[in-house]
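Right, one structure below, let's go through it.
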Amino acid sequence: MQRGCSASAAGRDDSGTVFYQTNFPRPCPHSIFCGKINILESVVLSRRLYLKLCHSRPARRALCLSVVFFLGLFLTLAANRPALAAEKTHLRADDYQIDVELLPQTHKLTARAVVKVTALEDLNVATFQLNNALRITKLTDASNKPLTPERNTQDSTVRFALNSEITKNASSTFTFEYEGTLESADESPVEGLKLAYVGPDTSYLLYSGLWFPVTGYGVNRFTATINVTVPAHMVAIGSGKESSAAAAGTAAATAKKAATVLANSKTFTFTWDKPSFPGTIIAGTFQEFKSDEAGMDLHVFFKPNKQNLGAEYASTAVKAFTYFVTQYGVAPSTRLKIVEIPDDTVPSAWAPEIAALSSRAITEKTNYRLLANTIARQWWGVSVSPASKDDWWISDGFARYSEARYVESAAGAAGLDEMVKDMSVGALAYDSVPLSSAEKLDYFSPEFQSLVTDKGAMILHMLRWVVGENKYLKIMREFAAKYAGKSASTDDFRELSEHVYGEKLVWFYSQWMDSTSAPEFKAEYKIYRLGNNKGFRIVGAVKQDLDLFRMPVELRIDTDGRTEEKRIEVVGTDSAFSVETFGRPRRISVDPENRVLTNSKDIKLRSSILRGEGLIQQSDLAGALSEFNKALEVNKNSSLAHYRIAEVFFMQKNYQASANAYRESLNGDGEPRWTEVWSHLQLGKIFDITGQRERAVNEYRQAIQTNDNTQGALDECRRYMQKPYELEKGS
């Protein structure tokens, strides 16, 4: 996928937190990568969640900021992955020669794809994935002999027996001719989410939409030449060397193309000759903004109503791109195209030389987190890709932490701290399977997305602390250089990091890759006054409940004078320490900079809320209530937990229980701040629904008095002050 994002920092809106509109009052603090970036912190949701995120009703518009962030990230990731994984591949696709014709007015696609393959073992049967909305009209082998494909719509696969065996390591070609209507998400590889669409305003053919025959999704790197014919008033955007020409209606041109050449049409040719994932095409009418700043060949393609934002997004893109060059070395290309895509698909998508953002993510406040995360994919995805599903964190986790690093450079330590908290919640929200066993999980399950994205990012964050800043940067640069244009595994990364560090790190990777637990630190200590005014000695131990745990941890001692810091090795459940200070110790903090993934009370609370929000999206309201009540067991005054409970009751039309819970949210700890304005707003809606207009207006007034316009809350209040809120028909 491309969440998706799903960067923020103190002030996440400014950091690019993305507010994804799903008709939930989505008040959330800015987070990061979000999914970017504006409110959702990467909640990896199921296919059903995707559908609801894109098409949920107004009553659900209130998702928490951090949730928004997660959702954005997840959707972004989902855009790059098919909903169902194909069976183990027995062949490799090396190159595609594709001719595709788009008829926007009828939503039709007609195409011809010549696929060069190499057998990974003696091959008698071949399997590809292809969007269920597309019908194969002709399939032939290298000898032009017909082949008979069999469809399996459950996993979007096409399977066919070969006329003659292809021996191991031998190459051959298959030629597919196919057509279909791409208008809705009904037959999408991801249920309810449009990943391939042909229409009069903007057409998008994402790699994850399986609009051409795909094998080894996300792992099989390939080269491609794609000829795209579109109406003459449109521009097509793809990866690689580009040329375009008016399509001639000659017999020769018609023979080359997939179908009849359109009148008044234009053909764009894109050639990507380095194995990667150049399978995304976007076509439409755009205003183009160009920049050659910092030696880049940057193009921004926004719709006319967003053209005034092109310069600012170009400037931000240059900053993010050049920052990642300093972190990871040269990119696979200095050309980059920032492209606006419709809101009915993922929040962001990526491909070689392409960073696509949904229209709603392109705002006056630049979503720099979302943009940074998507640009980071040029290194982690385009250049270096995972060798297998178990290694998926090398793409998603690396991009997530790249986003965090960029937020740190732009917003400082406070920005990074916010991101680390968000990533910790995602990393620990689901702990049933270790990261090293991610292959057991469905691509679109919350568990898989939490593991590969947030836990993957946290592993890099902790590695940075273990090896030190300089060696961490060297590891990342050398890894990016050594595996540029290749697939890489977790073992590859571990071996390189050990080489740079100079010591074995088996204990580190085993602890965080092969297990699911995280510690909760406690410090027990006594303070002794030293004689002759020499100060104080603190003698104590850091305690936690994981017997096999090992990590360096920082102690911070706040005193009447200067603050003292000490790095200690925590090994096992009880690790002693002794620290001397001149000033009287006032407070001792364990891991104050959040350098280690820990299971604190705050993380437990937010994880329960995150799981509950995911269950809401899957329509499991009973399960969601259970998770929100678990959050209240951790903090009975959590305004967010009470707010989420109120949301569930509102959905069930249990208005009295919902009103009670919104009141509890107002009387709670006030975290996050947006719960106040949205609780008043939702109470106003309840009073309108139950015919108590005067009380409704009073709540709207109180909401306006907060002066908090998170997710447009004040705009809604003013609208309902003029006209009472009404439930939508069928809601």
Side-chain angles (χ1 to χ4, degrees), residues 10 408 412-425 427-428 458-472 501-505 507-508 510-512 515 517-607 634-635 637 669 671:
E408 181 182 20
L416 176 63
D417 187 59
E418 280 299 313
M419 280 212 60
V420 169
K421 290 177 182 177
D422 291 339
M423 294 185 302
S424 296
V425 173
L428 297 175
M458 283 301 300
I459 287 174
L460 291 184
H461 182 63
M462 291 186 288
L463 178 66
R464 179 184 172 190
W465 164 242
V466 170
V467 305
E469 185 72 14
N470 292 336
K471 288 187 176 180
Y472 173 78
Y501 184 45
E503 296 181 24
K504 290 292 184 181
L505 290 167
W507 62 270
F508 175 83
S510 176
Q511 177 169 275
W512 297 111
S515 68
S517 303
E520 183 174 357
F521 295 130
K522 296 178 182 178
E524 296 181 359
Y525 56 89
K526 291 184 179 180
I527 300 173
Y528 300 92
R529 182 187 293 274
L530 301 177
N532 300 321
N533 294 319
K534 290 184 178 180
F536 301 84
R537 176 178 293 136
I538 307 162
V539 178
V542 174
K543 297 180 179 292
Q544 54 83 39
D545 58 2
L546 302 179
D547 183 47
L548 300 181
F549 182 80
R550 172 188 171 186
M551 274 292 285
V553 173
E554 182 183 33
L555 287 182
R556 177 181 292 168
I557 300 95
D558 295 321
T559 74
D560 288 339
R562 70 178 187 179
T563 297
E564 302 283 348
E565 295 178 346
K566 182 180 178 72
R567 178 171 170 139
I568 67 170
E569 286 289 325
V570 173
V571 180
T573 58
D574 197 320
S575 301
F577 66 85
S578 177
V579 181
E580 292 186 5
T581 65
F582 183 77
R584 178 184 293 275
R586 296 299 182 187
R587 180 186 177 193
I588 295 181
S589 304
V590 182
D591 189 33
E593 301 296 329
N594 295 313
R595 293 188 171 105
V596 180
L597 179 60
T598 56
N599 205 5
S600 65
K601 287 185 177 180
D602 180 61
I603 296 297
K604 290 177 182 177
L605 183 145
R606 293 175 61 186
S607 294
V634 177
N635 177 8
N637 293 319
D669 58 14
E671 292 295 332

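All values below were derived from every heavy atom in this structure, side-chain atoms included, with hydrogens, water molecules and symmetry-related copies excluded.
Of the candidates Glu565, Arg587, Arg556, Pro592 forms a side chain to side chain contact (heavy atoms under 4.5 Å, CB included) with just one, namely Arg556. The side chain to side chain contact (heavy atoms under 4.5 Å, CB included) test with Val542 singles out one residue from Leu555, Thr573, Val571, Asp574, and that residue is Leu555.
A salt bridge is absent between Lys522 and Glu520: the closest approach of a Lys/Arg side-chain nitrogen to an acidic carboxylate oxygen does not fall below 4.0 angstrom.
Counting only distance, with no hydrogens or angles, the side chain of Asp669 and the backbone of Glu671 share a donor-acceptor pair below 3.5 Å. No donor-acceptor pair under 3.5 Å is formed between the side chain of Glu580 and the backbone N or O of Gly535. Without hydrogens or angle criteria, Gln544 side chain to Gly572 main chain gives a donor-acceptor distance under 3.5 Å. Checking side-chain atoms of Asn594 against main-chain N and O of Val420 turns up no donor-acceptor pair under 3.5 Å. With hydrogens and angles ignored, the 3.5 Å screen pairs no side-chain donor or acceptor of Glu593 with any backbone N or O of Arg595.
Nearest heavy atom pair, residue Trp507 against residue Lys504, reads NE1-O, 3.5 Å. Taking both residues in full, the closest heavy atoms of Leu416 and Arg464 are given as CD2-NH1, 3.9 Å, listed atom of the first, atom of the second, then distance. Of all heavy-atom pairs between Trp465 and Val553, the closest is CZ2-C, 4.0 Å. Of all heavy-atom pairs spanning Leu463 and Phe508, the tightest one is N-CZ, 3.5 Å. In terms of heavy atoms, Val596 sits closest to Pro552 at CG2-O, 3.9 Å.
Below 30°, between 30° and 60°, or above 60°: for Phe549 and Trp512 the angle between ring planes is above 60°, a perpendicular geometry.
In Arg562, the CZ atom is not crowded: 12 or fewer heavy atoms of neighbouring residues, nucleotides or ligands sit closer than 6.0 Å.
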